[in-house]
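Quick notes on the structure that follows.
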Amino acid sequence: MRMWLTCLLLLLPWASMARADLGKLEYFTEEYPPYNFSDEQGQPTGLAVELLQMVWKNSGVTPQPIRILPWARGYYLLTQKPNVVLFSTARTQAREDLFKWVCPIGYSEYILLGRKAQNITLTSVDEMSKYRISAVRSDAAEQLLLNNGMDDNNIIPANRLNQAVKMLTSGRADLLATSKLAGYDALREMKLNSDDFNVAMVLSAEQLCYAFSRQVDDKEIKLFQSGLTRALASQEFLKLQAKYLPIR
């Protein structure tokens, strides 16, 4: 009994330190509904935000500030600062060794979206070079284009998804590279008729995760992953899915 109490007392400072370290991280996200976006009061919300709050609770961490930034800015800070968490981040092959990962938040299908009036359908990635394609700067969709040999001169970068959509609707771009869920959600938010658009090609399907700076200690990653695993197994997460990802 005495030995058990001694071991417990030795473990308590480590647990407190791990929780304190998780509380020192900076949490960044973007406008990417329904996973993360601003509510009517300008506060971060969405499935990934509420899931993160569950992880904090499960890990004994006091709720932390979450900053919503343009994706390219958040991604840059993730590569440059030692204590950043960026979400929801697609875990692509090109990014695998750049960050540490806690997964999954969900899954995302990345597509080329076109206007039905143009009737563009691609059967191979080699055909992409014929078109001008808009994409959010440093987004997974843009990186997938580059990884598949797309000439960067044919990629029209945007800071936000709604800007990339406007490039498509105005005719400045022939196609839009985006996640399917976010792309169609953006069409609805912009009061556009989704029936006027079509999926010209599926680029990839990727896991969405919380991406951590490489310098974050592995103990913190394990603590965070444990909190996420518990959250995903809960009834509360099923309610989150029903709230943000209703069957359509």
Side-chain angles (χ1 to χ4, degrees), residues 26-38 44 46 48 66-81 84-99 101 105 108-115 122 125 128-187 189-190 192 197 199-214:
E26 293 185 81
Y27 295 87
F28 299 146
T29 190
E30 64 159 341
E31 297 286 352
Y32 185 71
Y35 289 101
N36 22 267
F37 58 96
S38 303
I66 300 172
R67 290 175 60 193
I68 296 180
L69 301 173
W71 179 256
R73 178 62 178 167
Y75 191 83
Y76 173 77
L77 292 173
L78 177 64
T79 64
Q80 299 300 313
K81 300 187 73 174
V84 168
V85 185
L86 179 66
F87 65 97
S88 302
T89 308
R91 188 174 183 173
T92 63
Q93 185 176 357
R95 293 172 173 174
E96 180 65 32
D97 296 330
L98 298 178
F99 314 117
W101 302 91
I105 297 170
S108 186
E109 188 175 52
Y110 288 88
I111 62 170
L112 294 179
L113 190 66
R115 288 170 288 158
L122 283 67
V125 293
M128 294 191 306
S129 60
K130 301 176 185 177
Y131 302 99
R132 298 162 300 164
I133 303 178
S134 62
V136 175
R137 199 185 309 271
S138 298
D139 181 66
E142 183 193 51
Q143 292 180 344
L144 286 168
L145 295 178
L146 295 170
N147 293 342
N148 281 292
M150 181 76 179
D151 186 342
D152 62 285
N153 290 316
N154 286 359
I155 300 174
I156 309 174
N159 289 325
R160 298 183 185 278
L161 183 54
N162 62 350
Q163 294 173 344
V165 172
K166 288 177 182 177
M167 291 175 184
L168 175 64
T169 57
S170 68
R172 185 181 172 193
D174 303 306
L175 297 166
L176 164 66
T178 180
S179 80
K180 187 174 184 179
L181 194 63
Y184 276 95
D185 190 84
L187 295 180
E189 286 293 318
M190 297 170 70
L192 296 169
F197 300 84
V199 176
M201 185 180 183
V202 176
L203 292 171
S204 180
E206 305 292 345
Q207 195 176 47
L208 296 177
C209 305
Y210 298 97
F212 291 70
S213 305
R214 288 290 302 172

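Bear in mind that the values here come from a model prediction, so they are computed numbers and not experimental data. The figures that follow rest on heavy atoms only: side chains count, while hydrogens, waters and symmetry mates do not.
Under the 3.5 Å distance criterion, the side-chain polar atoms of N154 are matched with a main-chain donor or acceptor of S129. Distance alone, capped at 3.5 Å, places no donor-acceptor pair between the S134 side chain and the L168 backbone. At distances below 3.5 Å, at least one donor-acceptor pair connects side-chain atoms of Y210 with backbone N or O atoms of A48. Between the W71 side chain and the R137 main chain, no donor and acceptor come within less than 3.5 Å of each other.
Atom OG1 of T29 is separated from atom CG of L86 by 7.0 Å, given to the nearest 0.5 angstrom. For the atom pair CG (L203) and OG (S179), the distance works out to 11.0 Å, reported to the nearest 0.5 Å. The OG atom of S213 sits 11.5 Å away from atom CG of L98, with the distance rounded to the nearest 0.5 Å. Considering CD1 of I156 and OH of Y131, their distance stands at 14.5 Å, rounded to 0.5 Å. Once rounded to the nearest 0.5 Å, the distance linking CD1 of I155 with CZ of R132 reads 14.0 Å. Distance check, rounded to the nearest 0.5 Å: CG of L69 to CD of E30 gives 10.0 Å.
Among all heavy-atom pairs drawn from I68 and P44, the shortest one is CD1-CA, 3.9 Å. The shortest heavy-atom contact between K166 and M190 is CG-CE, 3.6 Å. Nearest heavy-atom pair, Y32 versus Y110, reported as atom, atom and distance to 0.1 Å: OH-OH, 4.1 Å. Closest heavy-atom contact between A90 and W101: O-CH2, 3.7 Å. When all heavy atoms are compared, the tightest approach of A140 to R95 is N-NH2, 3.1 Å. Across all non-hydrogen atoms, the minimal contact from E142 to V136 is CB-O, 3.6 Å.
In summary, of the residues considered (L181, L161, D185), a side-chain contact (heavy atoms from CB on, under 4.5 Å) with P33 occurs for D185 alone.
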Open item on the list: side-chain contact (heavy atoms from CB on, under 4.5 Å) for T89 and C209? Distances and angles first, verdict last.
Closed with: CA-CA 5 Å; T89 308; C209 305; 5.5 Å; no
- [ ] Could you walk me through whether F212 and F99 pass the ring-ring contact (aromatic ring centres under 6.0 Å, His included) test, one step at a time?
- [x] CA-CA 6 Å; F212 291 70; F99 314 117; over 10 Å; no
- [ ] Give the intermediate values and the outcome of side-chain contact (heavy atoms from CB on, under 4.5 Å) for residues L176 and M167.
- [x] CA-CA 8 Å; L176 164 66; M167 291 175 184; over 6 Å; no
- [ ] Check the pair T92, Q143 against side-chain contact (heavy atoms from CB on, under 4.5 Å), reporting the backbone distance first and the verdict last.
- [x] CA-CA 9 Å; T92 63; Q143 292 180 344; 4.3 Å; yes
Task: Worked check of side-chain contact (heavy atoms from CB on, under 4.5 Å) between T169 and F197 - done: CA-CA 10 Å; T169 57; F197 300 84; 3.8 Å; yes
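Between N159 and R73, every side-chain heavy-atom pair lies at or beyond the 4.5 Å cut-off. In this structure, the side chains of T178 and V165 stay at 4.5 Å or more apart for every pair of heavy atoms. T79 is not listed as a side-chain neighbour of V84, based on a closest heavy-atom distance of 4.5 Å or more. For the pair L145 and I133, the minimum side-chain heavy-atom distance is below 4.5 Å.
A salt bridge does not link E31 to R160: none of the charged side-chain nitrogens sits closer than 4.0 Å to a carboxylate oxygen. Between E26 and K81 there is a salt bridge, since at least one side-chain N of the basic residue sits less than 4.0 Å from a carboxylate O of the acidic one.
Under a cut-off of 6.0 angstrom, the local environment of CG in D97 is sparse, with at most 12 non-hydrogen atoms contributed by other residues, nucleotides or ligands. The number of heavy atoms from other shown groups lying within 6.0 Å of CZ (R172) does not exceed 12.
Looking only at atom types and distance, the side chain of N36 has a donor-acceptor partner in the side chain of S88 under 3.5 Å away.
Ring to ring, Y76 and F28 are not that close: their centroids are 6.0 angstrom or more apart.
For V202, the side-chain contact (heavy atoms from CB on, under 4.5 Å) partners two or more places apart in sequence, or in a different chain, are E109, I111, V199.
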